[in-house]
Protein chains: 2
Amino acid sequence: MATKKIPKATAKRLPIYYRYLSVLLSANKRRVSSTELSEAVQVDSATIRRDFSYFGELGKRGYGYDVESLLNFFKGILNQDTLTSVALVGVGALGSALLNYNFHQDTNLRISAAFDTKPELANTVKSGIPIYPASEMQKQIKEQQIDAVILTVPSSTSQKVADQLVSVGVKGILNFTPVRLSVPKNVQVQNIDLTNELQTLIYFIKNYAENNPE
Amino acid sequence: MATKKIPKATAKRLPIYYRYLSVLLSANKRRVSSTELSEAVQVDSATIRRDFSYFGELGKRGYGYDVESLLNFFKGILNQDTLTSVALVGVGALGSALLNYNFHQDTNLRISAAFDTKPELANTVKSGIPIYPASEMQKQIKEQQIDAVILTVPSSTSQKVADQLVSVGVKGILNFTPVRLSVPKNVQVQNIDLTNELQTLIYFIKNYAENNPE
DNA sequence: CCTCTATTGTGAACACTTAAACAAAATTAT
DNA sequence: ATAATTTTGTTTAAGTGTTCACAATAGAGG
């Protein structure tokens, strides 16, 4: 394991830091303090320093952090020095939008294959990504050694598809279906439930008017 | 304010409970225990009981919870007894997919208007939702008294658009752009950063693999 | 009726997360 | 060179969230 146990809350903020550091580097900023970072990413400066400290002493007292070396450090932590290929399963409206989404612009991530059951989509190319028939899903995922998949199939089939993916070695699923997938403990699931997010937002509007959650 | 202070973590789980209770009711289940719920939604049963207890004593000892009355109770809590209209700003690939997404199927939420700067989209209808030119955004939002907005514009304009929305009384933004919006404290922002989610998933795969297949 | 069983609701312990505060250390100014 | 300033890294404390464990209690079965 590359690093020792980083708190989950910290891990979830790493991409936020990474992105903002890229912005700073593009703007030719040499150094940055935790206070400056704090304003931009809206995380308390003490939390930022604490987060960084899990990885060692990355800054200099009285100076701050060197943008370029910090960015390079996180590049390693976030596996951004090698290209990671992911697959997308379910080329409906949302799936198509994600095929078109430029993950590769900000990160060293790309969707290298998509799968769908609709015969008319089989063996076509969308946003530069080949779409294979569902029947080839397991074979392709094994061959391409893909271990992360974006799941945008209908809810009714999501558990079945997840089982198939797990059986060919997929280790992580970005699950856009509202179903709470049941998978082995060594498989990571990240849920993005759009309806829930919207419902939660409305709830917060009505009930937390004074505060600023998240 | 409808309810006393509900912990944020609890609030975020309410839509999950709500959805599963709907499923149970459709399946004509009369009663459910926290243990059963726990398996379905993958939240510890004690956590479920604690969550419910913030709203009072909703269950019966030795029996569990009555599905229908619990569902109706949460329906009120989650403002599901009245229709809530939201707007969508930015009809690109992702915006279009969300216009097509059937929020109204599971919830009493619908997108009632969309806005975009592209002249060719102005005054057209997509997935049954009217698209207005950006110039009419503030007027329409005021007139329709919309207080929640889905933001799917390019990053470069997101803060500017957010400011415009806030100035006409928008109280909540579901922000799909990677920019951390700066808004007054009484405005809620819920961020969905697709790149971050994918990056975090990859990080978890590499660093939190427990290697305990079931 | 009484006994047995199931399951809640919650006090208390534990775990995780955030943030205040400040000594230590490096930079910057004089 | 020295003093003033800045800003880190970390100690400590407070705040949030989760889970255990069990008394309290409702329902079911004699």
Side-chain angles (χ1 to χ4, degrees), chain A residues 3-14 16-17 21 24 29-67 69-71 73-74 180 185 200 203-204 207-208 210-214, chain B residues 3-17 21 24 29-67 69-71 73-74 180 185 200 204 207-208 210:
Chain A
T3 44
K4 42 183 161 193
K5 209 51 193 275
I6 305 301
K8 262 193 157 164
T10 296
K12 288 189 179 173
R13 283 187 292 264
L14 298 180
I16 300 173
Y17 301 143
L21 289 169
L24 288 179
K29 271 274 255 163
R30 282 284 177 79
R31 55 188 269 190
V32 67
S33 69
S34 57
T35 315
E36 265 178 281
L37 267 174
S38 173
E39 274 160 38
V41 302
Q42 294 173 31
V43 173
D44 185 273
S45 68
T47 300
I48 292 177
R49 294 197 299 279
R50 160 84 63 224
D51 283 348
F52 290 0
S53 78
Y54 291 115
F55 299 96
E57 307 207 351
L58 306 180
K60 279 188 206 161
R61 288 162 198 243
Y63 178 91
Y65 302 88
D66 180 82
V67 171
S69 58
L70 191 58
L71 182 66
F73 183 81
F74 282 128
R180 310 282 285 189
K185 279 204 270 314
T200 302
Y203 180 83
F204 283 155
N207 298 280
Y208 289 71
E210 302 307 310
N211 311 335
N212 218 339
E214 163 119 18
Chain B
T3 44
K4 270 289 147 215
K5 201 55 195 278
I6 305 300
K8 228 166 53 182
T10 296
K12 288 189 179 175
R13 283 187 290 263
L14 297 180
I16 300 173
Y17 300 143
L21 288 169
L24 289 179
K29 270 275 255 162
R30 281 286 177 80
R31 55 189 268 193
V32 66
S33 69
S34 58
T35 315
E36 264 178 282
L37 267 173
S38 173
E39 275 160 37
V41 301
Q42 295 174 29
V43 173
D44 185 274
S45 67
T47 300
I48 292 177
R49 293 197 300 279
R50 168 83 60 206
D51 283 347
F52 290 0
S53 77
Y54 292 115
F55 299 96
E57 308 207 350
L58 305 180
K60 282 185 202 164
R61 288 160 198 247
Y63 178 91
Y65 302 88
D66 181 82
V67 172
S69 58
L70 191 57
L71 181 66
F73 183 80
F74 281 129
R180 310 283 286 188
K185 275 206 290 292
T200 302
F204 283 158
N207 297 281
Y208 290 72
E210 317 253 299

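The analysis underlying the following values was restricted to heavy atoms, covering all of them including side chains, and did not include hydrogens, waters or symmetry mates.
For B:Ser34, the side-chain hydrogen bond (donor to acceptor under 3.5 Å, both in side chains) criterion is met by B:Arg49, not counting sequence neighbours.
Look at CZ on A:Arg49: it is 13 Å from P on C:dA21, rounded to the nearest Å. Between the OH atom of B:Tyr208 and the C1' atom of C:dC16 there is a distance of 12 Å, rounded to whole Å. Nucleotide D:dT18 holds its P atom 11 Å from the NZ atom of B:Lys12, rounded to whole Å. Look at CD on A:Glu57: it is 10 Å from P on C:dA25, rounded to the nearest Å. One interatomic measurement links the two molecules: NZ of A:Lys8 to P of D:dT18, which rounds to 12 Å at whole-angstrom precision. Atom CG of A:Leu14 and atom P of C:dT17 are 13 Å apart (whole Å). Spacing between atom NZ of A:Lys60 and atom P of C:dA26 amounts to 10 Å, rounded to whole angstrom units. In this entry the distance linking CG of B:Leu58 with C1' of C:dT10 reads 14 Å, nearest Å.
The listed nucleotides are D:dT8, C:dT27, D:dG27; the one nearest the side chain of B:Tyr63 is D:dG27. Checked against D:dT10, C:dT17, C:dT18, the side chain of A:Arg13 finds its nearest nucleotide in C:dT18. If you check D:dG17, C:dT8, D:dT10 against the side chain of B:Pro7, the one that comes closest is D:dG17.
Residues A:Leu24 and A:Tyr65 have side chains not in contact (no heavy-atom distance under 4.5 Å, counting atoms from C-beta outward). When side chains are defined from C-beta on, B:Val43 counts as touching B:Tyr17, because their heavy atoms get closer than 4.5 Å.
Atom CG of A:Leu21 is separated from atom CD1 of A:Ile16 by 12.0 Å, given to the nearest 0.5 angstrom. One distance of note links OH of B:Tyr208 with CD1 of A:Ile6; it measures 6.5 Å at 0.5 Å rounding.
Counting atom types as modelled, A:Arg61 pairs no side-chain N or O with a base atom of D:dT7 as donor and acceptor under 3.5 Å. Below the 3.5 angstrom threshold, one finds a donor paired with an acceptor across the side chain of A:Arg50 and the base of D:dT11.
Note on B:Tyr54: every side-chain N or O is 4.0 Å or more away from OP1 and OP2 of D:dT16. The shortest distance between the side-chain N/O atoms of A:Arg31 and the OP1/OP2 oxygens of C:dT28 is below 4.0 Å.
For the pair A:Lys12 and B:Phe204, the cation-pi test (distance below 6.0 Å, angle within 45°) is failed.
Here B:Phe52 lies out of heavy-atom contact (under 4.0 Å) with every strand.
By the 30° and 60° cut-offs, the orientation of the rings of A:Phe74 relative to A:Phe52 is tilted.
Heavy-atom distances under 4.0 Å link DNA chain C to A:Asp44, A:Ala46, A:Thr47 of residues 34-47 of chain A, given in residue order.
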